[in-house]
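Note that ligands are numbered from 1 as they come in the structure, with each ligand's atoms numbered from 1 the same way.
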Amino acid sequence: MVLMDCHTHTQFSVDSEADINACVERAAGLGLTAYAITDHCECDAWYPAEHYSAEEREMLESTDYKADYEASVSAVTALKEKYAGRLNLICGSELGQILFDTDAARIVNADKRIDFIIGSAHRIHGEKDFYFIDYTQLDMDGIYDLLGRYFREVYELSQTGLFDVIGHITYCLRYMKQRHGICPDISRYDDIIAETFRTLAHSGRGIEINTSGLRQGFGATFPDLKYVRMYRELGGEIITIGSDSHTFEDIGADVGKGAELAKAAGFRYLTYFKERKANFVKIEN
Ligand SMILES: [Zn+2]
Ligand SMILES: [Zn+2]
């Protein structure tokens, strides 16, 4: 079974303190086929705070991701050299909210140091990050309205092409369930989700299986087996696996289960990106 972790965070992400040198050393010790550092770069907060209106600032939990981005990419680029031959280290970025500032997203896409871009939607227009939304203020109509807008924006994201894979599709469900036990039935969005998958399949881009939900009490990957299978059946070929670790200890967490799930969904190969090109590795030899 091939093991790879293509979604991890380090000290250069606002929500992680994981020492980057220790992370890389651990990844080398785990014998991962591929290991990507994908620190956060939120396109809606690319500039210092003064750049944004008071209204916009209220939605942003921090700004100036440009500085974090530069620090992460410089450090990973140096480590790639240091670990050459010992670790397949991938210089990635988790690009959040591409739809909010496609110019910022294009700057990252043009950076030759970048091997791999995950496009993630952590918030949608007019809303705070899903992490910060107070779900107790919403009735079920409000929840479904929010989810409908999320899946619509993920579809719009798929059309931009400013990424290699879309990160943790269905992430919007995480905090509703984990904090409040709210478990909406998302099958009503299957048409737009299918359209997103078709767009990705036709444009040579993909999705990830994000295993963080397995260890954080959600009880499933983002997305789960039903949607990974749907993606496969609609022609999806590119699939990466990521733990979304924010700590040294979580690197590689449940990535074997992620590979099993990909196999159960009909995949024979996993993907990792180098120099923005897809590399396919057999799940089982
Ligand atoms: Zn994310
Ligand atoms: Zn992440």
Check: His125 ring centre within less than 6.0 Å of Phe100 ring centre: yes
Above 12 or not: heavy atoms from other molecules or residues under 6.0 Å from CZ of Arg268? no
Who pairs with Val73 by side-chain contact (heavy atoms from CB on, under 4.5 Å), at least two apart in sequence or on another chain? Tyr69, Thr77, Cys91, Asp111, Arg113, Ile114
Counting neighbours of CD on Glu237 that are heavy atoms of other residues, nucleotides or ligands and sit closer than 6.0 Å, is the number greater than 12? no
Evaluate whether atom CZ of Phe132 has more than 12 neighbouring non-hydrogen atoms of other residues, nucleotides or ligands under 6.0 angstrom away. yes
When Tyr175, Tyr171, Phe130 are each screened for ring-ring contact (aromatic ring centres under 6.0 Å, His included) with His122, the one that passes is Tyr171
If you leave out waters, which protein N, O or S atoms are less than 2.8 Å from the Zn ion (ligand 1)? Glu94 OE2, His122 NE2, His168 NE2
Atom name, His9 (N, O or S, nearest to the Zn ion (ligand 2)): NE2
